[in-house]
Asker: 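Before anything else, here's the structure in question.
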Amino acid sequence: MGLAGILGGLGVLVAFAYRGWSVLLLAPLAALVAALFSREPLLAHWTETFMGSAAAFLARFFPLFLLGALFGKLMEDSGSVTAIARFMTQRLGPERAMLAVVLAGALVTYGGVSLFVAFFVLAPMAQELFRAANIPRRLMPAAIVLGTSTFTMSALPGTPSIQNAIPMPFFGTTPFAAPGLGVLASLIMLAFGLWWLDRETKAAKLSGEDFGGGAPTPADRLATDETLRERAVTAREFDPAEIAHGQETDTPPPIALAALPLMMVIAVNLAMSLFVLGALDTRYLAESRFGGVSLADVGGVWAVITALACAIATVLALHHRRLHALRATMDAGANAAVLPAMSVASLVGFGAAVAAMPAFAVVRDAVLGIGGGPLVSLAVATNVLAALTGSASGGLTIALDALGATYMARAAEIGLDPGLLHRVAVIGSGTLDSLPHNGAVVTLLSVCGATHGESYRDIVMVGIVGAMLALAVVIALGSMVGSF
C-alpha cells in the first residue's frame, strides 16, 4: 500500500500540474496522499517533513532566485540583452543566422540572465534572422534551446544557473566542479546541436520548405496566460508574468557596456570560488548561531550570490539613466523570484515527504542497485525525477535530499571526486526535464508562435539527445580516469 501511495501521489502531482494547476496546492496534496496510503501521520508530515524541507530549500537557495531574477530584469529593461542580440545579428548576419541565435543565447544565460528574459528577446531576433535567411520558422525554438537551456545551464564550468548551484552544499563543491569534463560536455552538446540544426536547414532547402507563416507571441499576452504561468514557474527561476512590468529603454547601450555586467558575473564567480573565499577566516561558521556549517557547505552559493550582486551594482552604475522606471523594474525582478522559488520548494517538500515513507526504501534500493556504479545510478535518479516533476532544479534537489549523503559515502569508499558527482548530477537533471510537459518548453513554443507538432522533434534532438550523449561521455571518462 505504501508504494501505491507514493505512485498515486506522484500521479496526482504530474497529471494536474500538466493541466496548469498550481504546484503550491498539488505538492502538499500529493504528499498527503502518499502519507495516507502509508498510514503515516498526515499533519506531522505536512507541517514538519514537507514544510521543513521546503523551508530549508528556501533558506539555502532563495537568494539565488532573488538576485538572478532581479539581474535578468535589469538587463532586460536597460536594453543590455537587446544590445547583445543586435550585436550578434549584425556581426554574423542572416548567412549564419543559426549560430547567431545560439551564441547570443549562450552569452546572456552564461552571464546570469534569466531564461525567460532571454526567450522574449531572442525570439524576435531569431524571427528576423530566419526570415532573411529563409530558414524554417519551426527551427527557432530548437536554436534558442541549444543556446540557453543546454550547456550553459548544466555543463559549462562556473555557470550561475540554479541547477549548477544545487549540488554544491551536498557535495562541498564549487560552480567550477569538474571543469575539464564540463567543457568537454559543453562542446559535445554545442557541436551535436549545431550539426542537427544545419542538417535540418539543408534538408528543408532541398525540399523547398521556406520560412513559413506565424510570428512570436507578444509578451503582454503571454504574461496574462495563467495556465502557462503555472507550468513555467516550476521549470525556471523567473515568473513570466513579470516580463510585462517595468519599462524597457528605447536606447540600448553600446555592446561593451551591455556585456560588462555579464563579464562581471563570470569574473567575480571565478575569483570568489578559487581565491577569495579560501583566503578568508570562516571559523565562525562552526558556531551554533550559524548552523555549525563549514565553508564547503556554503562557499559555492556565496560565490554565485556575490557575483550576481556585483553584476547588479554594475548594471545600476552603468545604466541607471536608461532605467526610466527603476522602482517598477526592481519590484518586477524581485516579484519574479517568489513564485518559482516557492513552487520548486514545494516540489522539494513533496520529495522529502515521499522519502520519509517506509516504502521509499524499496525505491532507494532499486536506484542504488542499478549497475554501472554510483555515477550511472545518480544520472538515472536525476533524469527520472526531473522528467516526472518537469523541473531540473526540483528533480535534482529531491534526488540529492534523498540520496546525496549515500552517494558521497560511496564516492569516499572508491576514491571518486565529489566534483564528478556534481557535474553528472547537473547534466543528468538537464536532459529529460525537456519533455513535452516542461514549463520552459511550453513557454518557448508559445513565445515563438510554434506548436509541439512543428518544433518539438528538433528540441528533443538538441536538448535531450545531445545532452544524453554528453552525459554518457562524462560518465565513461569519469569512470576511467576520474575528474579533471
Asker: Find out whether Leu70 and Met330 are in side-chain contact, i.e. whether some heavy atom of one side chain is under 4.5 Å from a heavy atom of the other.
Answerer: yes
Asker: Start with the C-alpha distance between Ile398 and Phe57, add both sets of side-chain angles, then the distance that settles side-chain contact (heavy atoms from CB on, under 4.5 Å), and finish with yes or no.
Answerer: CA-CA 10 Å; Ile398 291 171; Phe57 177 85; over 6 Å; no
Asker: Check whether any side-chain heavy atom of Thr431 lies under 4.5 Å from a side-chain heavy atom of Thr382, and answer yes or no.
Answerer: no
Asker: Val424 versus Val474: any side-chain heavy-atom pair under 4.5 Å?
Answerer: yes
Asker: Just how far is it from atom CG of Leu323 to atom CD of Glu76, taken to the nearest 0.5 Å?
Answerer: 11.0 Å
Asker: To the nearest 0.5 Å, how far apart are CD1 in Ile427 and CZ in Phe151?
Answerer: 12.5 Å
Asker: Do any N or O atoms from the side chain of Ser78 and from the backbone of Met75 form a donor-acceptor pair under 3.5 angstrom?
Answerer: yes
Asker: Could you state the interatomic distance from CZ (Arg423) to OG (Ser154), rounded to the nearest 0.5 Å?
Answerer: 7.5 Å
Asker: Can you tell me which residue among Val447, Val102, Leu122, Leu115 is in a side-chain contact (heavy atoms from CB on, under 4.5 Å) with Ile144?
Answerer: Leu122
Asker: For a quick test of your reading: what N or O donor-acceptor pairs under 3.5 Å do the side chains of residues 348-376 make, sequence neighbours left out?
Answerer:
none

Asker: First locate atom CG of Leu295, then atom OH of Tyr284, and finally report the distance between them rounded to the nearest 0.5 Å.
Answerer: 8.0 Å
Asker: When you compare the side chains of Ser391 and Thr389, does any donor N or O come within less than 3.5 Å of an acceptor on the partner?
Answerer: no
Asker: So which atom in Phe61 and which in Val301 form the shortest heavy-atom distance, rounded to 0.1 Å?
Answerer: CE2-CG2, 4.1 Å
Asker: More than 12 heavy atoms of other residues, nucleotides or ligands under 6.0 Å from CD1 of Ile414: yes or no?
Answerer: yes
Asker: Is there a donor-acceptor contact under 3.5 Å from the side chain of Thr82 to the main chain of Val121?
Answerer: no
Asker: So, are Glu413 and Arg410 salt-bridged, with charged N and O less than 4.0 Å apart?
Answerer: no
Asker: With a distance cut-off below 6.0 Å to the six-membered ring centre and an angular limit of 45° from the axis, does Arg229 pair with Phe116 as a cation-pi contact?
Answerer: no
Asker: Could you go step by step and tell me if Leu58 and Met342 meet the side-chain contact (heavy atoms from CB on, under 4.5 Å) rule?
Answerer: CA-CA 8 Å; Leu58 289 172; Met342 288 297 296; 3.6 Å; yes
Asker: Mind jotting down which residue pairs meet the salt bridge (Lys or Arg N to Asp or Glu O under 4.0 Å) criterion with at least one end in residues 8-19? Sequence neighbours excluded, please.
Answerer: none
Asker: Any side-chain heavy atom of Phe120 within less than 4.5 Å of one from Val81?
Answerer: no
Asker: List, one per line, each side-chain donor-acceptor pair under 3.5 Å for residues 307-319, sequence neighbours excluded.
Answerer:
{"residue": "Thr314", "atom": "OG1", "partner": "Cys310", "partner atom": "O", "Å": "2.8"}
{"residue": "His319", "atom": "NE2", "partner": "Leu257", "partner atom": "O", "Å": "3.2"}

Asker: Determine whether Glu40 and Thr49 make a side-chain contact, defined as any pair of heavy atoms from C-beta on separated by less than 4.5 Å.
Answerer: no
Asker: Contact between Ile84 and Ile255 at the side-chain level, heavy atoms closer than 4.5 Å - yes or no?
Answerer: yes
Asker: A side-chain contact here means heavy atoms from C-beta on lying under 4.5 Å apart; do Phe65 and Val338 qualify?
Answerer: no
Asker: Could you tell me if Thr159 and Asn164 have a donor-acceptor pair between their side chains, going purely by distance under 3.5 Å?
Answerer: no
Asker: Checking Asn269 against Val304 for the side-chain contact (heavy atoms from CB on, under 4.5 Å) test, could you report, in this order, the C-alpha distance in whole Å, the side-chain angles of both residues, the deciding distance, and whether it holds?
Answerer: CA-CA 6 Å; Asn269 192 8; Val304 180; 4.1 Å; yes
Asker: Can you confirm whether more than 12 heavy atoms, excluding those of Phe484, are under 6.0 Å from its CZ atom?
Answerer: yes
Asker: For the backbone of Leu421 and the side chain of Tyr407, can you confirm whether one donor and one acceptor N or O come within less than 3.5 Å of each other?
Answerer: no
Asker: How many angstroms lie between CG in Leu29 and OG in Ser22, if you round to the nearest 0.5 Å?
Answerer: 11.5 Å
Asker: Could you tell me the separation between the CG atom of Asn438 and the CG atom of Leu432, rounded to the nearest 0.5 Å?
Answerer: 11.0 Å
